[in-house]
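Taking it in order: structure first as structure tokens, then the write-up.
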Amino acid sequence: QVRLVESGGGLVQPGESLRLACVVSGTIFSAIGVAWHRQPPGKQRELVASITPGGITNYTESVKGRFTIARDNAKNTVYLEMYSLKPTDTAVYYCTIIGRPIWGQGTLVSVSS
């Protein structure tokens, strides 16, 4: 059974940083692409960043230069490093396997002074 577990969310002040982690099990991790999505309060879910099996990354415009997605195939984990956080980054962050309708439970990121 494929499973994704996110962690690392929390409450931070504007300008601070967080690192989210997504641990994937039940599949060949090195063969999958992984994406991070987020859902702000009262809004639709949106794609934030993605990484292919070969390590090619892509970001939504609003996070370019502030967020970095990376993978560690030895740990079956994809990270989302978030810098210079803004209140508009407040959301539940989910990871998913690209091309499959499988989602984790999400981790809440709150950015507030």
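Only a predicted model underlies this, so the values are computations on that prediction, with no experimental measurement involved.
- T107 places none of its side-chain heavy atoms less than 4.5 Å from the side chain of V92.
- In the hydrophobic cluster analysis, where Ile, Leu, Val, Met, Phe, Trp and Tyr join through side-chain heavy atoms closer than 4.5 angstrom, I51 is grouped together with V2.
- Note that the OG atom of S17 and the CZ atom of R19 stand 12.0 Å from one another [nearest 0.5 Å].
- Within the structure, the ring-ring contact (aromatic ring centres under 6.0 Å, His included) test picks out the following pairs touching residues 24-65 (sequence neighbours left out): H37-W103.
- Of the possible polar contacts, one joining the T96 side chain to the I102 backbone as a donor-acceptor pair under 3.5 Å is found.
- Residue pairs meeting the disulfide bond (SG atoms under 2.5 Å apart) criterion with at least one partner in residues 27-80, sequence neighbours excluded, are absent.
- Partner of R71 under the side chain to side chain contact (heavy atoms under 4.5 Å, CB included) criterion, chosen from T57, V24, N76, I32: I32.
- Proximity of a side-chain donor or acceptor of T77 to a complementary backbone N or O of K75 within less than 3.5 Å is detected.
- Other residues sharing the hydrophobic cluster of L47, ordered by chain and number and joined by side-chain separations under 4.5 Å: none, the residue standing alone.
- Looking at every heavy atom in both residues, A91 comes nearest to P41 through CA-CD, 4.5 Å.
- Between L20 and E6, every side-chain heavy-atom pair lies at or beyond the 4.5 Å cut-off.
- Identified under the salt bridge (Lys or Arg N to Asp or Glu O under 4.0 Å) test for residues 96-112, with sequence neighbours left out: none.
- The hydrophobic cluster of V23 has no other members, since no ILVMFWY side-chain heavy atom comes under 4.5 Å of it.
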Requested in this report: Kindly indicate, with the supporting measurements, whether the criterion side chain to side chain contact (heavy atoms under 4.5 Å, CB included) is fulfilled by S50 and I98.
Outcome: CA-CA 8 Å; S50 62; I98 296 173; 3.9 Å; yes

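- The salt bridge (Lys or Arg N to Asp or Glu O under 4.0 Å) test applied to R38 returns E46, D89, not counting sequence neighbours.
- Contacts classified as disulfide bond (SG atoms under 2.5 Å apart) and involving residues 23-77 (residues at least two apart or in different chains) are not found.
- The shortest distance between side-chain heavy atoms of P87 and P14 falls below 4.5 Å.
- Among residues at least two apart or in separate chains, there is no ring-ring contact (aromatic ring centres under 6.0 Å, His included) pair with a member in residues 75-94.
- Between L18 and L85, the closest side-chain pair of non-hydrogen atoms falls below 4.5 Å.
- Heavy atoms only, all atoms of each residue included: P53 and S30 are closest at CB-O, 3.4 Å.
- For residues 49-90, the set of pairs meeting the disulfide bond (SG atoms under 2.5 Å apart) definition, not counting sequence neighbours, is empty.
- Residues meeting the salt bridge (Lys or Arg N to Asp or Glu O under 4.0 Å) test with K64, sequence neighbours left out: E61.
- Contact annotation: the side chain of V111 approaches that of V109 to within less than 4.5 Å [non-hydrogen atoms, C-beta and beyond].
- For the disulfide bond (SG atoms under 2.5 Å apart) condition, the pairs that include at least one residue of residues 79-113, sequence neighbours left out, are C22-C95.
- Looking at heavy atoms from C-beta onward, I97 lies in side-chain contact with L4 at the 4.5 angstrom threshold.
- Atoms CG and CG, on L108 and L11 in that order, are 8.5 Å from each other to the nearest 0.5 Å.
- Contacts of T52 classified as side chain to side chain contact (heavy atoms under 4.5 Å, CB included), with partners at least two apart in sequence or in another chain: I56.
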